Each structure stands twice: as structure tokens, then as C-alpha cells.
**Student:** 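Sharing a structure, written as C-alpha cells. Questions coming.
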Amino acid sequence: EDIKLAASLGFTGALESLAPDMLGGAELAAKEVTDSGNLLDGSTVEIVQSDSTCTDAAAAVSALERVVAEGIKGIVGGMCSGETIASLENVAVPNGIVMISPSATSPALSTIEDQGLFFRTSPSDARQGEVMSDIIKSRGIESVALTYTNNDYGKGLADSFQAAYEAAGGTVTINAAHDDGKADYSAEVAALAAAGGDALVVAGYVDQGGSGITRASLDTGAFETFVFPDGMISQALVDNFGTELATSFGQNPAAEGEGRDNYIATAEAAGFDGSSAFSAEAYDAAAMILLAMQAAGSSDPAAYKDKVMEIANEPGEKIMPGELAKGLELLAAGTDIDYVGATAVELVGPGESAGVYREVEFPEGELSVVGFH
Amino acid sequence: MDILNALVAFLNFVFIPAATYGAQLALGALGVTLIYGILRFSNFAHGDTMAFGTAITIIVTWGLQSLGISLGPLPTALLALPVGIAGTAAVVLLTDRTVYRFYRAQRAAPIILVMASVGVMFLMNGFTRLLIGVDEQRFADGARFVINVRDFREWSGLTEGLALKTTQALTLVVVVVVVWALFWFLNRTKSGKAMRAYSDNEDLALLSGVDPERVVRLTWIIAAALMTIAGVLYGLDKSFKAFNYFQILLPIFAAAIVGGLGNPLGAIAGGFVVAFSEVAITYPWLKIAGYLFPDWQPDGLLQLLSTEYKFAVSFVILIIVLLFKPTGLFSGKSV
Amino acid sequence: MSTNRQAESSNPWRAPILFAILAILFILEGSWRSAMFSGSWNTSLAILNMGLISAITALGVNMQWGYAGLFNVGVVGFLALGGLAPVLVSLPPVDGGWSSGGLRVLTALVVGLGTLGLAVTLWQRLRRGWVRGLAVTGALIAGFVLYRNIFDPAVIAIEANQSAQYGNLGGLGWPVLISWPVGGLFAAAAAWGVGKVALGLRSDYLAIATLGIGEIIVAVLKNEEWLARGVKNITSIPRPVPYEIALQQNPEFQTAAANWGFPLAEASGIWVKLCYMSLFLVVLLSIILLAELALKSPWGRMMRAIRDNETAAEAMGKDVTGRHLQVFVIGSAVIGIAGAMMITLDGLMAPTGYNPLRYTFLIWVMVIVGGSGNNWGAVLGAILIWFLWIKVEVWGPSLIGVLVTPLPEGGLKEHLLDSAAHMRFIAMGLVLLLVLRFSPRGLVPER
Amino acid sequence: MSDSDADKAFGKRGNRDASIVNPRPPGTVDGTRKSGPTGPGRAGDPFLIGDGMTGGYGRGPDILHDCTIAVEKGEIAVIVGPNGAGKSTAMKAIFGMLDLRQGSVRLNGRDITALNPQDRVKAGMGFVPQVNNIFPSMTVEENLEMGAFIRDDDIRETLQQVYELFPAVADKRKQAAGELSGGQRQQVAVSRALMTRPDLLMLDEPTAGVSPIVMDELFDRIIAIARGGLPVLMVEQNAQQAMMIADKAYVLVQGRNAHTGTGKELMANDEVRRTFLGG
Amino acid sequence: MIRVEDLHKHFGGFRAVDGASMTIEKGSITGLIGPNGAGKTTLFNVIAGVLKPTSGRVFMGDEDVTGLPPHELFHKGLLRTFQLAHEFSSMTVRENLMMVPGKQTGETIVNTWFRRGQIDREEEALRKRADEVLDFLTIRHLTHEKAGNLSGGQKKLLELGRTMMVDANIVFLDEVGAGVNRTLLGTISDAIIRLNKERGYTFCVIEHDMDFIGKLCDPVIVMAEGKVLAQGSAEGIMQNEQVIEAYLGRGLKNKEMIGA
Ligand SMILES: Nc1ncnc2c1ncn2[C@@H]1O[C@H](COP(=O)(O)OP(=O)(O)OP(=O)(O)O)[C@@H](O)[C@H]1O
Ligand SMILES: Nc1ncnc2c1ncn2[C@@H]1O[C@H](COP(=O)(O)OP(=O)(O)OP(=O)(O)O)[C@@H](O)[C@H]1O
Ligand SMILES: CC(C)C[C@H](N)C(=O)O
Ligand SMILES: [Mg+2]
Ligand SMILES: [Mg+2]
């Protein structure tokens, strides 16, 4: 059989720079599985692209309708929460296709009516807010300014953080949105600087407004200490700012262990940046769809949707990135597996990643991990 | 002392950033206005052509850097700029030749030209991405600061710091030079006068022996230079990202309209009006008030509106400006 | 100019032929699986439905531009405002939303509007001079402070109410179809305000004012959570048509689907889309009917006269500003209706999606490509451009695939293939330029 | 100004939004056209002759039908005729602003039919159109400089001569031409054409809307110019005065030569006077 | 009929109309002449509501109409033509006429949906009236021509025709003669006289052709530099030294060079 999976990602539009590495992840998984020849008696897997544009729900839906017509058996995506919800409600549910999003993190997706078809390999932002609050408190910082990218991700994260932080006795001097892709962030930085605080929490995207805000804050001397959540933590951040982040820190979902490192290395060999945000999650999403198919012995979404939770969680043999062939073999043999993958997948509740976060610092212009939460 | 602190805070967070941004917008608006005045349509491809010119400049800059050539404290991109301008001019002339000239000869309604420019916008958009990709690119090198916050604090003994980046200083200087050169060109040289004459009355310019196609070519070349310079300065100061150059189109048009379309002086003023209204209106005055009235302890941030509305507010300002100056800031004289 | 218009005499068959070609495109899309087409009726109908909504939007823009020469660059704003209607009309009310601060918010809004009204009255009543300036400024500041004092706490209270799931006021729980005209009303009200300020002044005002209102409306939708949850989005907006899942479980439908020979899931999708399509067609055709009736009567003649020569029309007793306001409001209302329909179709309100490229420029392209001033042209342009906008996503990469075949394997080829997604824009640009080249007055020129 | 030019914006159509397109009237001549080669003239030609011209605008119907207009050195030739007869069209045809379908234009012993207007200026022709004949936002002096655009030599002397010829123009030299009154504009327009140092001056209704005193002034100048050796070809509706000064006069009707003769002859012709000159 | 009191209209610092006062009597054909730039057109525009005066008042009968917009003045019976013809160029000649009458049922958008019958009846009546006007102006053969294709003089006739579609009180004509063939101008002046006699229109006419003014107008008002310079009968004005000095001139100086 020739199995097609859709990669519904924003190849054009506001987050177009993240999409290629995410696609790379999904394709890597597909290639690994195809090459192994172990899936459902030697089926091959092909990834078809569907441009979700990240922001235009209608275009995302139309594009997805099209690939559904091509007979896809599962969807890796969508990318941004808004467009993901639209695709889920308008395409995936009506057509009964499984959808695993690597990056849609809005808490709203936890409660959505999904007929058991929707999963995600990233945790809900509700959790990260709490983790971030703990980290900041533990460093003895009592007041912060907060800026977030103005979408459901940024807003949700900012709100959950503010609630957690204030409950723990901290002060948020200002909670201001910034829009991505704007020409200039002077006004935002001026406002943040005027409000003051011991640190600035930048709940944004590293190659979007988040970096712009950080840059301008450093240049004008508005803040010296920054707190970065997942949208910001990446090699690009270190490249951009180097030693200027000596006192800054942050956290992002990333499990302990060699899974992630393996993945990054493999990705580099395959010619893309595996440490780019949500690239690993995309790999895991694709891998999980394929493993679930194997577990169900069928590529029919109605059959394999119930297997996703099984292969993702304990009990079973741990499967790391690069070991998909082994996983398929085990499943074919009827052995239970526990897919760990590049992001230490552990699905909880309605099928979303439980979320292990690593705490990082940037001494001497290098990213270094100081602990896990 | 406190008054000085207040002043420095204002300069650092409002004045210098807004002036830089305003200068970048002004250059963009100048190009828009020039094309509007002479070719008679609003060029929607402006932002994406800026991106294209910048992309060429960046690639050349990389080449120079890899050869070890640099400009000392100034960004190497300045050396690459002429190449960028030449490349952009070539591309723009090619589009004129293949797209706009047809409609000019047909005397098509100008809205058609506007829509054709939307088509060109899509093309440029795609080509830029093919050329340099979608990622963010930083290409500023050389010294980062003329004055930085820490040095300023030490030197002045104030609590507030003041920073002036090389790129900011560069932007302001370049804008002054470019604007002066443009005005000198338009008002003093024969070719400049031919351009103004053509803009004023096409047929009569023809009857005076002006070659209209030469004027058109000249306009595109100057516009290409303005676009590339604006794009590179903007990219140096912020960073290069193809998508942002589409986003900057809106404020550029706003600036050009407020200034009175077709009017170069207006374009410059418009750029600064837009920039300052964006930054100043949403500024929380708490800190400055704190310096000026140390005893007053307001509970809010003294922010008129939150920054989410900065763009919206700047439009309201623009409408108010227009209500008091119904023909734009500088009407009458045009390109 | 005039000559070149006369020469291109309009062929009465032009529009029907073009519509037939368009129909064939959709049929191919629905039935022929190939490199060019998906061969799925679901895709075909999905494109068509969105195309119909675009057509209604384009009709609204065409009324403003084609009939009256008004340049509206805030299409996205009116569309978004219309989209607010389904949220406020058809969602069930949120428990505790109203009691936590609903009335106070309404009071605050009344205070805000009252302040503006007061300021305008003062401006008109008082004599020119510094007293007037002072009085107006004073009234505005006082009003603003009062407004913020009532508004802010109320909003905080509402947004705190079950903020993860709601945090908004919710709607009235009425049938969603009612929200379509309501969306029109919303947009019309905003247009009236904009028109009052900007029309009758230099035409640039309208451009700036609409550009601004577009930004403002979208900013409000993004940031005013109490209204429609802002960027946290509203999902599961009720539908006027059955749900696929319900159909799939309905035995009658199951047998019907079997009779047609379609798989159940596919059949349910097609059925739902057909339902939407009929609703949209009814709206579209009624709007066209009303518009054509108006155009082919003294009102239309008056509008043509105004567009032709404002000064002379004014001297011949026509209230040019009044008519402009009328057309602007009506056109915006039509856009608002389309906005409400779009949200109904999407079932989702995500304000971050309202970007001007897609909802202002693309609509303009539709109107101009179709032929401004001509209702059928606008419809044709809208559906065609929407079709292409969706299809170039496929055609672009295949195009680049064909283009690079002669290239040697290596970095450049790799790079080009990687960038295939951006071919969408290049292909779109090419299509647009080609259409404009071969029919520079639009596909179906006016008259 | 206020109520005249403003609404021509889009070829007299609506959609005149100033925020996307420049509302100033666009040109009517295709500036992209390239010149063809010039040919030899014919023996016995007058200084300028538009010979057997037939043609119209764009792809529209013929407006001129086998129409011939000529002028000799030192003479004034006047074209009169009813509105819409094709007088302005004939002038434009001679100047290459529309394609001739038949006939030729010969100047000073050369066949210039294939030249575009820009090159005819270089060949020594000066033209003052009926409307839109100044650069409104440029100063009067800049208007004159534009007149001298094709010249590379020192223009100060010519400038001085023109100022002497038109003192009213000299007074306003620093003012934007668009701020002048109708009569002054006409003088600027004629001055601009003179700055080219043309070998031939063509004027399309230079006195329309001009007060009697300024009209006399203009006619005086035109006579002086012509007698200075520069041939003048002009269209006039103030036929009675025009006929008085005309060495040669053409009556055009529906694009054809209806009557030709000296001004005095035509004035003496009763039928011509009644039907065309309003006598 | 129309009384103008101490009217000023300044553009920036420039005083285009500088304290003009005049009265246009009911039933008269008043001429308005003056050098180029005297402010005649500006005065017209102020009276017709196109421009707002800097100061001064305009009365129509006893009513103060200063600053009313043009379309309201139209409904009070004040009509005007333009110095350069302002036809609706993309509409036919007949449509140009039919659009003139105000308060048509079919001009209200709701009526176009629900009252087609009445609209059709009104249109029929309008069409008839338009054809009568075209007959009167002797351009019936151009009924279906696009107005933009008319020649200069025909456009001026059409402008005049529009004033006949409704019952006007006063008509302002701005240089109907400029660029118009003198023979055709005779037809136009006949038409003006007939309208004045048969329908009792009051006219105010700007013109530079003194034959035309002399034949048609009484009284004649002379403006210069934004002020009223003189006023009186046509013959009287043409003898007035000041007027000759400022406006009429004394004929050609280069007479001796003619007809060499
Ligand atoms: N640009 C144009 N396109 C098409 N037809 C035109 C154009 N200009 C003029 N015409 C037509 O050509 C004919 C002759 O026009 P022309 O301007 O030559 O007349 P004219 O003799 O100069 O009249 P007038 O005395 O009114 O200036 C008229 O019927 C006119 O409608
Ligand atoms: N919008 C304007 N802005 C500035 N100046 C103006 C404007 N309109 C008219 N003027 C000036 O006002 C003066 C009077 O102009 P107006 O058109 O009333 O003269 P006129 O008496 O009608 O002359 P003509 O006989 O040439 O038509 C002129 O000097 C003119 O330049
Ligand atoms: C691609 C991601 C950064 C998207 C983001 N997490 C969202 O939910 O919208
Ligand atoms: Mg003429
Ligand atoms: Mg006048």
C-alpha cells in the first residue's frame, strides 16, 4: 500500500520560516518507516504538503480538503491553534481522519469535540505558565514585565503565567501584547521599559516579534534579564544575542535524555535543523500515526485512532527516534511499545503531551540546560 | 537632575527610536510618492521590491565579508548598496518593460496599473523568497553603538541611560543626505526638471522635447535607489525578514497619504508623523511623571491606550491631521 | 482613452461563455483526478462555497468602487465586523457573563458614544476660538476618564469569568441565520461613522479612514476578550445546516448515500456543502437582483452621473455626499453579510486570520479582474480568482517541478524545489498579470 | 481652474480616487512610440505642408479626410471652421500626435511623417495646444526653461528676448504658472514655444477665453513674430480678427478643406462669412 | 432676484473676490465682464455654493442662501453652466437631460425595488420632455450619442438644455461662447433670449465676446481685481474710459504690418 499523510503546515504566511524544519521532521519519520519496509507488509509512506498559511482558516480548510481528496490517511498538523481548530472541525472530524498537531498549544484544544481524532505532541500552554512561574520565583525575582505575541498561544500562555505568578505573590507590572511581523517595536519596548520590573518575560516567537522586542530592550537598556518560554528557546536565540543573555533564562518542552539529541543529529544529517521549534514534535506526530497504524494493522483512521494512546504511553518497550523500524517490528510481533521519540512523548488527558520542560540558561553565550520540571 | 533623567528617558525610548523609524518610513513614502507623481499610480509592489533590493544587498554583503572586506565601524552593507541598487534598478526596469509599459501605451485606466502592481508584488514576493529564503537575516556588522547605555550612565551620572546605535545614526544621516540629493536633483538639474514637467503635464513635456520613456526609466531608477536604501537601512536597524517588508507597506502608504500624495516634502513629514504617533501615544508616562513629580503616586501606568492599539491610534491621529490640513501636510507643489 | 473603449465593443456572449468556462473548471475539479485537479466533489464544492462568499464581498466592493468610485481599503475590517455577528447572535449566553459586568460594559459604551456626541455638538454649537477648543478637549478627557473607570473593572470581571473556556459575554442563542443581516447592520453602522467623517472631503480621507478602521476593528476583535474572546478564538459556532456526523448516523441518509454510490463520509460532506451552497446562492442572487433593479433605474442613472462628473451632478441638484454615504453604507453592509456568512461556514472566529493581503487586496483583485462596475463581472472575478488562489498552491510546485527538470542535480535544484511553496505567489502574480494583459478592462467590462 | 480641470481625471470617468492614482489628467499621446526615418521633400513645397492628411484617433473613424494645410516663411496661416470640424485634429496630425492613415507631413524640404512628436520638436516645430498648455506647478521661469529643453546652448539671451516681448510674463517669472489668470497663461504658453527657437510656430486657439485687451496684445505679438520670419500656423474662433491678419486661411468642414484663400478673400466671400465666421 | 453684499473670497493671501456687491434683477439678462483673473468665475462659484465665501452674504429674493451646497440651491431654482463644459460624458445626450429633475421616485433606492410601475410612468414623461428640449435646441439627431463625443459647441448647447429640464428661476452662464463657433453662438444667444422671454428665466452671463454681450445683455457689470468696477447698459460700458483701459483695449497696434 502507498500511504499518504498530509503535512498541514504554514508554508507561506506569518510563520513560514518554521514550517520547512517541521516538514523535515515529518518527512524524516516517513522515510525511516518506508526504508524499514516494516509497516503493514512493506507499505510506503508519502508526505503531501498542505499549506495552512497559519493564519487563514479558510485557506487551510480548502487546502486540506484537497489533500483529503487525494486519499490521505492521517494529518500531521495544523500548525497554529486557530487554523488547527478550523481544520479539525471542518475537515478531520467530518471525514473521520486522525490529526496529530505538533505545535498547536492552545488550551482550547484540550476540550474540543474531536470524536477521538485529535492528538498533539506538544503540551497545553496552561501547564507551561505554571512551570515558568515556579522557575522565576525560585530565582528570587518578584516583579516582571510581560509581553506576549498576540495570538491564542501567546495570550493563553501569558494569562496562565500571570495567574500562577500572581498567586505565588509575584507582580506583573504590565501585560502587553505585541503583534508579529510588525515593522517596528519601539512603542512596545517604551511601554515595557516605563512599566519596569526585574525581568522581562517574552512569550513570543524567536524569529518574529519576540526577537525584535528583546533586541530593542537590550539596545535601549530597558531590561537585562529575560525569561524565554518555548517559542523563543532555540539556537537562533543564542546566535542572535550571544553573550548579551548572560543573566537570562527560560524553559521549553523537551524531555531529558538522548532522544532529542539523537533526533537533532539525524536531522542535521538529513539536511535540516532539528532543534528548530516544533520540528521534533512534527517527527513524533508522524511517527505516532504510523506506529498506531501498525498497531491496528490497518491504515484506516477509524481503526487506528484508538491505538494512538496505547503506543504513546506505558507500558511497553521504549522507542527512541531513529528506532521506528524496531517499533514497527515489535508491534507486528504483537509486543506493546511506549513511544518516547524526540520529545519524550507521554500523552495525557484528551491526548496531548504531558509536558516535561527543561530549564535553560545562557552563560558565555551558550545554551545550557540546568534542570528539568 | 530629575528633569534631565526624564528628558533622557524620553529621548531614549521615544525620540530616537521614533525618529529612526520615521526616517525609514519617510524614505519608503518618498519612493511611493515619486511613482505616484510621475507614473500616476500607487505602487503596491513597493514593500516587496524593497525586500528584493535588500536581499541582493545582503548577498553581496556576505560575499564581501567572506572576502574579508569591511568598512571598519560602519556596516559592510554600505559597500554592497550600489550593487543592490543596480540590481534592483535592473529588475524594476525589466518589470516596467514587460508589465507597465503595455498599459502606458494603451492609456489604460490607472486602477489597472495598481492591480498590475499587485501582480508584481506577488512575483517579487516569491522571487525574494527564492533568492534568500524566508528566514530572518542579520547582516549588520561594524560597531553596534555610537553611545551605549552603560557608557552614557557612567559619563553622565544619571540613572537613565541613553543609547544611540550606529544604524540609527546612519539612518538619520543617510536620510538627510538622500533627501537633500533628491531635492537638488529635482529642482536643479535638467533631468529633474524634465521629471517634474512630465508629472505636471505629460503631453506638454512631450511637446517640449522631453523623451517620456527616459523620464519613466529615470523615475524607476531613482525609485529603485530609494527602495533599496530604505530597505537596507531598515534591515540593518531591525533585521531582514521578507514578510516584514510586506507589512511595512501599510504605514508607508499612510505616511505618503498624510503628507499629501505626490509631494516629496509631505512624504518625509508623513513618515515622521506616523512614527511619532505610533510611539508617543501609547507611551506610559508613569516613569517620566515619576521624575517630574516625585510625590505623585498614580496607580495606573498613565498610558492613554495600550500598545495593541498603537496602529489604530496612529490612524486616528492621521485622520485628525487630515481634518485640520485637508490637503495633506504639504499640498500644492508636487513632484 | 475613449477610442480604445469603443473599439473593444462588448460581446453579449462574453459573460455567459466565461461563466461556462468557470463551471467547467469546477466540474473538472470535482470529477477528474489528475495533476491539475483533485477529482473530489468535496474540494470542488468547498472552493465554490468560499468563492460564493468572496463573490458577495466583491459585490460590496464593486458597489463602492464600480458605482461610486469610493476606494475602500478596509474591506478586512468590515468583513471582520460582520463576522462578529454570528458570535453575538447565535452562541448561547455564557453563565455569569452578563451578571459579572455586562450592564456596566453597556453603560460604558453609552458613555463613550455620548462623549463623542457631546464633543461634536460642542464643536458645532460654540464659536470658533480657544474656548471651543478647551471645551471640546475638556469634554473628551472627562468622558474618556469616566468611560475607562466604568469600562475597565467591568471588563476585568467578565474576562475573569471562566477565562479558559469563556471569559466573554456570549451570545443570544438565536438561530445563526439571523446573524447574517445583523452582520450587515454592524458593518453598515461602522461605515456610516467612517463615511460621516471621511466622505465629502478629499478622497484620500476615505483611504486613510478605511485603512484605519480595518486595523481598528481587527485590533478590537483581537484585544477585547469580553466581546468574542479575542485571540483565544471562538469555536463551535452553530450551523444552519446539518452536521456530517449526524448525517452519517442517520439511516435514511446512509441508504441515500449508498444509492448515489458515494462513500458515506464523502456523501455527508457533499450534502452539507450543497446545503451551504444553496443558502449562499440565495443570498448572492437576491443581492444581485436588488442591485440590478436599482442600477437599471433613475437611481443608477444618478449614480453614473455622479461618478462621471461630481461637480456637475452637484450642480444638477444631486446630493453627492449623501449618495456616496448611501452607497458606502450599503456596500459595507453587503461585505458585513459576507463576513457573517464566512464565520458561519468556518464555524470559527479567529481574529488573527484577518489579514489585509487576503481580505482586502485579494478582493480588490477579484473586482478589478472581473470588471469593475459590473455585478456579474465581480462575481465571475471573485469565484475565478478564489479558485486560482487555491489551485496555484498545487500548480505552483508542479510548475517549478517542470521548470527544474533540465537542471543538473545539486544545490540550486534542491533549493528551488525546497522553495516550491513560494511558487504560489509567483503563480498568482503571473495569472493576475496575464488576465490583466489580455483583458485590461476586466473579464466582463461594464456595459 | 477650480471647476475645470479637476474632473477630467480618469478620461472623464468615475473612479477618481486620488489615494491610489494621480488625479491630474494623464497624457493623450503615446510616448512609447519610436520615430521612423525621414524622407526627402518635394520640389516646390511650402515651408510646412500637411498634405492630403487622412486619419483619426486610435482605432476610431477618420476625422480628417484628405485635408491639406500649408504655411510659408514669414506668413500667418489661419484655420477656421465649425466646432468639431477637425481643426485641432489637423494641428495634432501635423505634429505627429495621431497616426496618419494617408498623406504626409513635410517640413523644410524633408518628409517627417514618420517622426514622433519629440523628434518633431527637435526638427524645429513649436506647438501651443488648445488646452493644458502650461506646467501649472512649475514657476513661469521654469516653464520657459522647459521650452528650451532641447537646447544645449546658453538660453539667457532668448529668455531676455521673450521677456521683452511679453512684459506681463517677466513680472510673474517666480510665480507658479498655475496661479496665473487665463490670459497670462496663454502668454506663458506662447513664450514657452518661442524658447525652443523654433522654425515654425503652431498655435491652437491662443485667444479662447481671453479678454479683448489681451487678445489684441496677443495678435500684435503674433504679427510681430511672423514678420520676424517665423511662420505661424494657428486655429482661431475669433474669426473676424483672425482673418484680418491672415496671409492664408483655411476653412475646414467635417475634416475636409472647404475653402482656401487669403484672409481678405474669405472675408469677402458672403457664404463663408455667414456660415463659418458668424458675420 | 440675487443680491450679493460685500462678498470676499480669499485663496491664501490672494483676494480673488474682494468686496463685490451687486444685484441681479428678476427677468433681466445681466452681463458680467472683466479682465482675466478679475474673479468672475470665483464669484459664480461662491453664489452657486461650490466655494464658501471668506465673508459677505448672498441673498436669493429675501432669503439668505450664503454657503448652501449646490444641490440645495438647485432645488431653489438656481442653475449654472460651467466655463468648460461639464457634460456626463459616458451617458447619452438624452440621459444627460433625464437625470436633471430632482425628487424622481426612482432615485430612492427602495422605490426601485417596489414601485417599478410608477417609475416607468415617470420615465416616459421625462423622456418626452427631454425630446422637446432637444428639438428646441435643434440637436434631436444626437439623442443617443454619448455626450463625450459632442463637439465643444454642442456640449455648450447641452449645458443650456439641462437648465430647461426643470423650471429654473435664475441661470448662470460662464463663458458659453469661448471656443464656440460664432455662427453657433448666434443660435445660443437666440435660445437664451427665447428662454428669457417665453419662460421668464433670469440670466447672468460671463463672456469675453463684446458683440455677444452687446446684443444680449442689459445691464452689464464690469469686475476688476475682485471688485465691481462699473455697471450700466452695454453701450454705456463700452464707452467707459476705465473699462476700455482695463479690459476692452483699443485694437491692434501692428495694423500696418497686416497683409504685407
Ligand atoms: N481624443 C479623441 N478621441 C476621439 N475622438 C476625438 C478626440 N478628440 C477629438 N475627437 C473628435 O474629433 C472631431 C474633431 O475634433 P477637433 O478637436 O479636431 O475639433 P475642432 O475643430 O478643433 O473643434 P473646436 O473648435 O471645438 O476645438 C470631433 O468630432 C471630436 O469628437
Ligand atoms: N482655487 C484657487 N486657488 C488659488 N487661486 C485661485 C483659485 N481659483 C481662482 N484663483 C485665482 O483667483 C483669481 C480669479 O479667478 P477667476 O477664475 O474668478 O477669474 P475670472 O474672472 O473668471 O477670469 P477668466 O476670465 O480668465 O475666466 C485668479 O487670479 C485665479 O488665479
Ligand atoms: C507554530 C507554533 C508556534 C504555534 C503556536 N504554538 C500556536 O498554538 O498557535
Ligand atoms: Mg479645437
Ligand atoms: Mg472664468
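Labels below follow one simple rule: chain letters A, B, ... track the order of the sequence lines, proteins then strands, and each chain is numbered from 1. Because the structure is a prediction, the values reported are computed rather than measured.
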**Student:** Where is the tightest heavy-atom contact between C:P238 and C:T344, given as atom of each residue plus distance?
**Tutor:**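 Distance-wise, the nearest heavy atoms are O-CG2, 4.3 Å.
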
**Student:** Which bit of C:I53 is near chain A, if near means a heavy-atom gap under 4.5 Å: side chain, backbone, both or neither?
**Tutor:**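 Contact with chain A is absent: no heavy atom of C:I53 under 4.5 Å.
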
**Student:** Could you verify whether a donor N or O on one side chain and an acceptor N or O on the other, from A:Q128 and A:D230, lie under 3.5 Å apart?
**Tutor:**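 Looking only at side-chain atoms, A:D230 and A:Q128 do form a donor-acceptor pair, the distance falling under 3.5 Å.
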
**Student:** Can a side-chain donor-acceptor contact be found between A:S160 and A:E130 if the only test is distance below 3.5 angstrom?
**Tutor:**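 Looking only at side-chain atoms, A:S160 and A:E130 do not form any donor-acceptor pair under 3.5 Å.
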
**Student:** Is A:T111 close to chain C through its backbone or its side chain, or both, or neither, when contacts mean heavy atoms under 4.5 Å?
**Tutor:**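 When you check distances to chain C, only side chain atoms of A:T111 fall under 4.5 Å.
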
**Student:** Could you tell me which portion of A:P20 (side chain, backbone, both or neither) has an atom closer than 4.5 angstrom to a non-hydrogen atom of chain C?
**Tutor:**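 Neither; nothing under 4.5 Å.
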
**Student:** Please look at C:N223 and chain A and tell me whether the side chain, the backbone, both or neither of the residue comes under 4.5 angstrom of a heavy atom of that chain.
**Tutor:**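 Side chain of C:N223 only, per the 4.5 Å heavy-atom cut-off to chain A.
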
**Student:** Indicate whether the side chain of A:N151 and that of A:Y205 have a donor and an acceptor atom separated by less than 3.5 Å.
**Tutor:**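 Present: a donor and an acceptor within the cut-off.
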
**Student:** Can you see whether A:T149 engages A:D180 through a side-chain donor-acceptor pair at a distance of less than 3.5 angstrom?
**Tutor:**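 The criterion, which ignores hydrogens and geometry beyond distance, is satisfied for A:D180 and A:T149.
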
**Student:** Using heavy-atom distances under 4.5 Å, tell me whether C:Y354 contacts chain A through its side chain, its backbone, both, or neither.
**Tutor:**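 Contact with chain A is absent: no heavy atom of C:Y354 under 4.5 Å.
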
**Student:** Given side-chain hydrogen bond (donor to acceptor under 3.5 Å, both in side chains), test A:S186 with A:D184 step by step and report yes or no.
**Tutor:** CA-CA 6 Å; A:S186 313; A:D184 180 82; 2.8 Å; yes

**Student:** Would you tell me whether A:E65 and C:T43 have side-chain atoms, one donor and one acceptor, within less than 3.5 Å of each other?
**Tutor:**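 The criterion, which ignores hydrogens and geometry beyond distance, is not satisfied for C:T43 and A:E65.
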
**Student:** Ignoring hydrogens and geometry beyond distance, is a side-chain donor-acceptor pair present between A:S110 and A:R120 at under 3.5 Å?
**Tutor:**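 Yes, a side-chain donor-acceptor pair sits under 3.5 Å.
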
**Student:** Does the side chain of A:N150 come under 3.5 Å of the side chain of A:K155 through a donor N or O and an acceptor N or O?
**Tutor:**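 No.
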
**Student:** Go through the atoms of A:V68 and report whether side chain, backbone, both or neither lie under 4.5 Å from a heavy atom of chain C.
**Tutor:**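 Interface part for A:V68: neither.
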
**Student:** Please classify the contact between C:W386 and chain A as side chain, backbone, both or neither, with a heavy-atom cut-off of under 4.5 Å.
**Tutor:**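 It is the side chain, since no backbone atom gets that close.
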
**Student:** Please state whether the side chain, the backbone, both or neither of C:Y359 comes within less than 4.5 Å of a heavy atom of chain A.
**Tutor:**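 Contact with chain A involves the side chain of C:Y359 alone.
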
**Student:** Quick check for you: among C:G39, C:S236, C:A46, which has the greatest number of heavy-atom pairs under 4.5 Å with chain A?
**Tutor:**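 Counting heavy-atom pairs under 4.5 Å, the top option is C:S236.
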
**Student:** Please classify the contact between C:N233 and chain A as side chain, backbone, both or neither, with a heavy-atom cut-off of under 4.5 Å.
**Tutor:**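 Side chain only.
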
**Student:** Please classify the contact between A:Q115 and chain C as side chain, backbone, both or neither, with a heavy-atom cut-off of under 4.5 Å.
**Tutor:**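 A:Q115 touches chain C through side-chain heavy atoms alone.
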
**Student:** Out of C:M50, C:M342, C:R358, return the one with the most heavy atom pairs under 4.5 angstrom to chain A.
**Tutor:**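 With the most close heavy-atom pairs to chain A, the winner is C:R358.
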
**Student:** Among the options C:Q248, C:E29, C:E225, pick out the one with the most heavy-atom pairs lying under 4.5 Å from chain A.
**Tutor:**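 It is C:E225.
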
